[in-house]
Amino acid sequence: MARHRFMGANSRILAAAFGVVGVTALAAVWTAQSGTAEADPGASRTPKPTPIVGQTSKPDPELPAPVVNMDIAHASDKGAKGVNITIDDGPDPTWTPQVLQVLKANGVKATFCMVGPQAQAHPDLVKDVVADGHRLCDHSMSHDTTMDKKSSAYQSKEILDAQRLITKASGGVKPLYYRAPGGAFTPYSRQIAASQGMRPLGWNVDSKDFKQPGVETEVNTVKNEISNGPTVLFHDAGGDRGQTVEALRQVLPWLKGQGYSFGFPER
């Protein structure tokens with residue numbers, strides 16, 4: 001069943017518990033994220049807008065040391081006019097190939113945030129994503145949007161098991177990012193991911209495609225909200241993604257026409 005929630009800042013209590021210091025406000029608005037690849041869009045939880053603050057933190061010396069930045073990434077490696085297209089919840093045998101086709105036709109590279117069992121079930125699609133020059137992102141095992149309320153052992157297993165399955169399905173290419181389901185990050189999960197070379201990955205613009213609001217609405221959402229930041233969220237699983245495919249077909253040329261270039265989230 002598809003589930004969604006907005007990404008909010010860690011509470012002060014949780015931050016203190018994990019040694020978070022120096023919380024810095026950001027002006028980005030986080031958006032909802034879809035569930036697993038089951039087609040049940042009507043079961044989505046309606047997200048409520050929540051302003052985000054930064055999650056700059058000091059690593060916990062009792063945990064494995066981060067090898068990449070453990071702060072949640074938003075910026076694009078293409079600079080101020082860069083856009084990061086991110087595709088969540090797949091791979092899916094119906095929709096991932098169509099998304100790949102649209103991306104290729106527009107010369108766009110994207111970041112695919114994959115759910116572990118989906119990658120395991122469709123290794124050919126994972127390899128296709130890599131072969132086309134896109135990047136991989138760990139999106140957990142079960143897409144549990146309440147991960148931030150679960151034990152550290154549970155969080156670690158969700159992240160590391162998915163990393164293992166995605167890497168195996170890809171033929172050895174490791175995910176470079178970790179995106180928490182529904183934005184359910186914790187300082188612990190961010191450090192565990194970063195210790196494995198996966199930068200925590202957020203988003204700034206949600207196309208709302210998981211709700212299937214219509215192609216025009218999805219396109220206009222991106223157009224109206226791209227000023228919020230460079231990282232745009234779409235999905236290639238979790239329901240019928242025909243609208244997503246068409247919205248990408250329309251919005252990618254528009255972004256190019258506005259002077260944007262396409263890149264990857266900063267590492």
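Just so you know, these numbers use all the heavy atoms, side chains as well, and skip hydrogens, waters and symmetry mates. One-based numbering along the sequence shown.
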Flag yes if Val130 and Leu125 sit in one hydrophobic cluster, no otherwise; membership is Ile, Leu, Val, Met, Phe, Trp, Tyr, and two members link when side-chain heavy atoms are under 4.5 Å apart. no

With hydrophobic residues grouped by side-chain heavy-atom distances under 4.5 Å, do Val68 and Leu136 end up in a single group? no

Donor + acceptor pair across side chains of [X], [Y] (<3.5 Å):
{"X": "Arg135", "Y": "Tyr177", "value": "yes"}
{"X": "Thr186", "Y": "Asp148", "value": "no"}
{"X": "Asn204", "Y": "His74", "value": "yes"}

Sidechain N-carboxylate O distance under 4.0 Å for Asp92, Arg241: no

Atom NZ of residue position Lys127 - does it have more than 12 heavy atoms of other residues, nucleotides or ligands inside 6.0 Å? yes

Residues in side chain to side chain donor-acceptor pair (under 3.5 Å) contact with Thr86, at least two apart in sequence or another chain: Arg179

Closest heavy-atom pair, Val67 versus Gln196, reported as atoms and distance to 0.1 Å, is CG2-C, 4.3 Å

Using side-chain heavy atoms (C-beta onward) and a distance below 4.5 Å, is Pro181 in contact with Ser140? yes

Which of these, Lys149, Lys150, Gln155, sits in a side-chain hydrogen bond (donor to acceptor under 3.5 Å, both in side chains) with Asp144? Lys150

Contacts table for residues 250-267: side-chain donor-acceptor under 3.5 angstrom, sequence neighbours left out:
| from | atom 1 | to | atom 2 | distance (Å) |
| --- | --- | --- | --- | --- |
| Gln250 | NE2 | Glu246 | OE2 | 3.1 |
| Lys256 | NZ | Asn106 | O | 2.2 |
| Arg267 | NH1 | Leu176 | O | 2.6 |
| Arg267 | NH1 | Gly197 | O | 2.6 |

